[in-house]
Colleague: 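Below is a structure I'd like to ask you about.
In each ligand, atom 1 is the first atom listed, and ligand 1 is the first ligand listed.
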Amino acid sequence: MPLPSRGRRWAAATIVASALLLLAACSNGPNTTFEPHSEFGRAIDDLWNLLLRLGTAVFILVEALLVYTIIKFRHREGRADPAHTHGDTRLEILWTITPAIILAFIAVPTIRTIFQTQAKASADALQVEVYGHQWWWEFRYPQYGVVTADEVYLPIGRKVNFSLRTVDVLHSFWIPQMGGKRDVIANHVNYLWFTPDSNLTASDWVGSCNEYCGTSHANMKFRAFTVPAADFERWAKHQAQPSTFGVAPAAAPAPLVHPAAQVTGPAPAPADADEGYVFPVEKMRENTVPHTPLPYDLAFDHSVTGDPMRGFQTYSKAACIGCHTIKGNPSSVGIIGPNLTHIASRHTIAAGLYPNDAEHLKAWIKDARGLKPGVVMPDFGIGEVDPVTHARITAPTGGLTDQQVADIAAYLQQLK
Ligand code: CUA
């Protein structure tokens, strides 16, 4: 019996809607894994394509058989039941062997890819130590003496080997378009390597944490910048330098008394007049620029102007130094929070949540916990109520006035 016209209209509408939905799914988001930019990403992508094709062939075959059977053997008035088959050895061998062959076709390339991507990176790879923190990322470059946070620079065409560790709970490290992802596990070092494609130009990518790790798991992002090798070297050389703002330059080192007294390890890099390389902020793509709105209109006396030198002095006596390191500032040697030595060279703060500018730095110092739920850094703005301790911040508890906050922000903005 043909479908009544209303039924047909519904069927047509359903088909069109499904087709549109399918087409909509084809547009690639900015973090798509279907456009890999490393050999690691391509290995995974090729495997995915193979499995998708095999799976599609099996799906079409099974569905065709199903539809054929439904139509051919459908109930008809007066027709006897079709014949039933029991114990057909040939059939049973066939439907045992066929899936086994299909599985072999899947297993061989899968296992090959697992071994390929789990292999140790070659020794000449760029080494980057990654530490997951609640909720930010620390990056260390032992070959360059660089410690930084939430923004990782990678040279194009050079293999990078990440060693992944956590200082607290489980996290998971992923730059979708580079390949990965890999869990960051307590008491265990995981490794991940890839080579940013040599045909890339300087590019920016979003990385993220992909293992639920507490309140601000969703706010545990980072930026990756793949840059030409020469620019990377300039970046790393500058990042390894101390930030000497406000600190009197050290006197020339005294001559060594005896060779045995010589300090081992890499020689201190020569003074760096060059400001180094930073990925141009105006080249950042729409999806890597943070757009998080401040959660509310934070009261701030905008008539005050920050003074960097006063900020340096305030910072160096405030609670800041208990958690943050600024290489070159002898007071600032804390290791709980992100290293701030070259914070002004970063484009984001708070693990990629906000842009790094005076307005957001001031808001952050004043009320970090209002800006990022659960963050370890307490509120410092006098008059703020800390959302965790519910205590009102006062000067005796280490609170800072808007002037002091503006001064510290001005100091941090000098740390290029
Ligand atoms: Cu770290 Cu989720």
Colleague: Would Cys209 count as a contact for atom 1 (Cu) of ligand 1, in the sense that one of its N, O or S atoms lies under 2.8 Å from it?
Modeller: yes
Colleague: I want to check a possible cation-pi pair here: Lys159 against Phe194, using under 6.0 Å from ring centre and within 45° of the ring axis as the test.
Modeller: no
Colleague: As a quick check of understanding, evaluate side chain to side chain contact (heavy atoms under 4.5 Å, CB included) for Leu294 and Leu371, giving each step before the final call.
Modeller: CA-CA 7 Å; Leu294 285 171; Leu371 266 59; 3.7 Å; yes
Colleague: What angle sits at atom 2 (Cu) of ligand 1 between O of Glu211 and SG of Cys213, to 10°?
Modeller: 110°
Colleague: For His217, what is the atom name of its N, O or S atom nearest to atom 2 (Cu) of ligand 1?
Modeller: ND1
Colleague: Between Phe232 and Tyr144, how do the two ring planes meet: parallel, tilted or perpendicular, split at 30° and 60°?
Modeller: perpendicular
Colleague: Is the centre of the Phe173 ring less than 6.0 Å from the centre of the Phe222 ring?
Modeller: yes
Colleague: Before moving on, can you tell me the angle at atom 1 (Cu) of ligand 1 between the ND1 atom of His171 and the SD atom of Met220, to the nearest 10 degrees?
Modeller: 90°
